[in-house]
Amino acid sequence: MTAGPGGGRFAPSPTGPLHLGSLLAATASWLDARRLGMPWRVRFDDLDAPRNMPGAERSILLALERHALHWDGPVERQSERLDDYRHALAMLDARGELFYCRCTRSELKGFRVYPGTCRDQREPRPDRAARIRVDDAAVEFDDLIQGPQRQSLADAPGDFVVRRRDGIIAYHLATAVDDGAPGIARVIRGRDLLPATGPQLFLMQRLGLNPPVYGHLPLIRSQNGQKLSKQNLAPALDNTRAAENLARVLTLLGLDPGPHAEQREPADLLAEAVPRFSPATVSKHDGFVTISRHDPGTHRRA
Ligand code: GLU
């Protein structure tokens, strides 16, 4: 498939190997793009360099390949698009939407929402965090999985950081610029990122970009209820059990892959799932899996 305009994307941070939760996001967004005949791109969200882990990119791409999640076009990296983000910041600054915040982390401790302390600090200062004023903005969108959403930015997160004090472009800004580009029409990702969607849509609107359609997937929790994540040390995917891993995520997506799925080819499991997949029929409820490195265990729905 050629990478034309409008597509899906998988945007892992190269901070560790893929786990079952990230495989769920990759598989669902791949199925969604393929069902619509769209390209599916891989982008590394690698701006937070201190958190990047050497070798993570290679390990993530290898895991995608072994699970037959083939991507279109070149792998993209946010670190290669700094000019686009700086341009977006300059545009927001020229419109008077940014201010330069000198508050320290400890000064902001205890505030659920930014208290507005530095709102009148309009003079650009590279040594300060740049924040955008949200005033009373509210964002509404229809989530393909979670249904209609309304997020008041004044309630959370308030005036948010678009460039950190250390100069690193903040996640919301880079993601809004990238997901608002013509190449992206669909963003299927984990429900933990639902609160990020309001700020990202707000930025796309301020920058005159075209928002994608969003679908936020249920999370996968381990038997003790913890979300599977790198922070919780979810086990890395075992590429030698690719069919079995795919069978687990397909089941969580409501697409029973049938008997002996673990003995089949990953590409065949995916090809069969493409016409059966629909974000509208994915459960909103979190899935539970039994996690153990050696025994893949059984899965059940929440
Ligand atoms: N890079 C983010 C992460 O790995 C996800 C970004 C996104 O899908 O918007 O959690």
Side-chain angles (χ1 to χ4, degrees), residues 7-33 38 40-53 55-61 63-64 69 71 75-81 84-85 88 139 141 143-146 149 151 157 160-162 164 168-181 183-204 207 209-221 226-234 236-237 249 279 282:
R9 81 351 173 230
F10 178 53
S13 305
T15 50
L18 289 191
H19 53 75
L20 206 62
S22 31
L23 184 68
L24 180 76
T27 305
S29 90
W30 187 94
L31 290 172
D32 180 66
M38 287 179 168
W40 185 71
R41 303 164 208 281
V42 171
R43 174 183 87 218
F44 282 112
D45 288 358
D46 61 348
L47 291 180
D48 197 351
R51 290 186 59 228
N52 292 345
M53 190 201 255
E57 283 199 11
R58 258 195 32 216
S59 126
I60 289 171
L61 294 176
L64 291 176
L69 293 164
W71 58 91
V75 169
E76 288 163 32
R77 284 177 192 81
Q78 291 193 321
S79 57
E80 291 163 2
R81 306 201 46 197
D84 293 354
Y85 311 136
V139 172
F141 61 100
D143 190 275
L144 293 168
I145 299 166
Q146 306 293 331
Q149 304 291 315
Q151 296 182 5
F160 58 92
V161 172
V162 287
R164 293 168 16 179
I168 291 180
I169 305 288
Y171 162 66
H172 288 321
L173 184 92
T175 301
V177 169
D178 288 344
D179 289 346
I184 303 299
R186 317 267 299 182
V187 170
I188 309 290
R189 59 185 179 184
R191 192 172 51 88
D192 51 333
L193 292 167
L194 193 56
T197 308
Q200 291 170 12
L201 279 171
F202 172 74
L203 284 172
M204 287 179 207
L207 293 164
L209 302 173
N210 239 341
V213 173
Y214 289 93
H216 286 86
L217 297 157
L219 303 181
I220 304 188
R221 296 183 184 280
Q226 267 193 339
K227 174 184 111 118
L228 288 200
S229 68
K230 290 167 199 157
Q231 290 80 2
N232 292 336
L233 300 179
L237 285 177
V249 301
V282 173

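Remember, it's 1-based here, ligands and their atoms both numbered in the order they're listed. As a basis for the values below, the full set of heavy atoms in this structure was taken, side chains included, without hydrogen atoms, waters or symmetry mates.
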N/O contact list for ligand 1, threshold under 3.5 Å:
residue  : atom  : partner : partner atom : Å
ligand 1 : 1 (N) : Ala11   : O            : 2.7
ligand 1 : 1 (N) : Ser13   : OG           : 2.9
ligand 1 : 1 (N) : Asp45   : OD2          : 2.8
ligand 1 : 4 (O) : Ser13   : N            : 3.2
ligand 1 : 4 (O) : Ser13   : OG           : 3.3
ligand 1 : 8 (O) : Arg9    : NH1          : 2.9
ligand 1 : 8 (O) : Arg9    : NH2          : 3.3
ligand 1 : 9 (O) : Arg9    : NH2          : 2.8
ligand 1 : 9 (O) : Tyr171  : OH           : 2.8
ligand 1 : 9 (O) : Arg189  : NH1          : 2.7

Exercise. Are Arg43 and Asp179 ion-paired here, with the side-chain N under 4.0 Å from a carboxylate O?
Worked result: yes
Exercise. Do the rings of Trp40 and Trp30 sit parallel, tilted or perpendicular, given the 30° and 60° boundaries?
Worked result: perpendicular
Exercise. Pick from Gln151, Arg189, Gln146, Gln149: which one makes a side-chain hydrogen bond (donor to acceptor under 3.5 Å, both in side chains) with Thr197?
Worked result: Arg189
Exercise. Thinking salt bridges, do Glu76 and Arg9 make one under a 4.0 Å N-O criterion?
Worked result: no
Seminar exercise, completed: Closest heavy-atom pair, Gly16 versus Ala56, reported as atoms and distance to 0.1 Å, is N-CB, 3.7 Å
Problem set entry | Short side-chain to backbone donor-acceptor contact, Asp46 and Arg77, under 3.5 Å | no
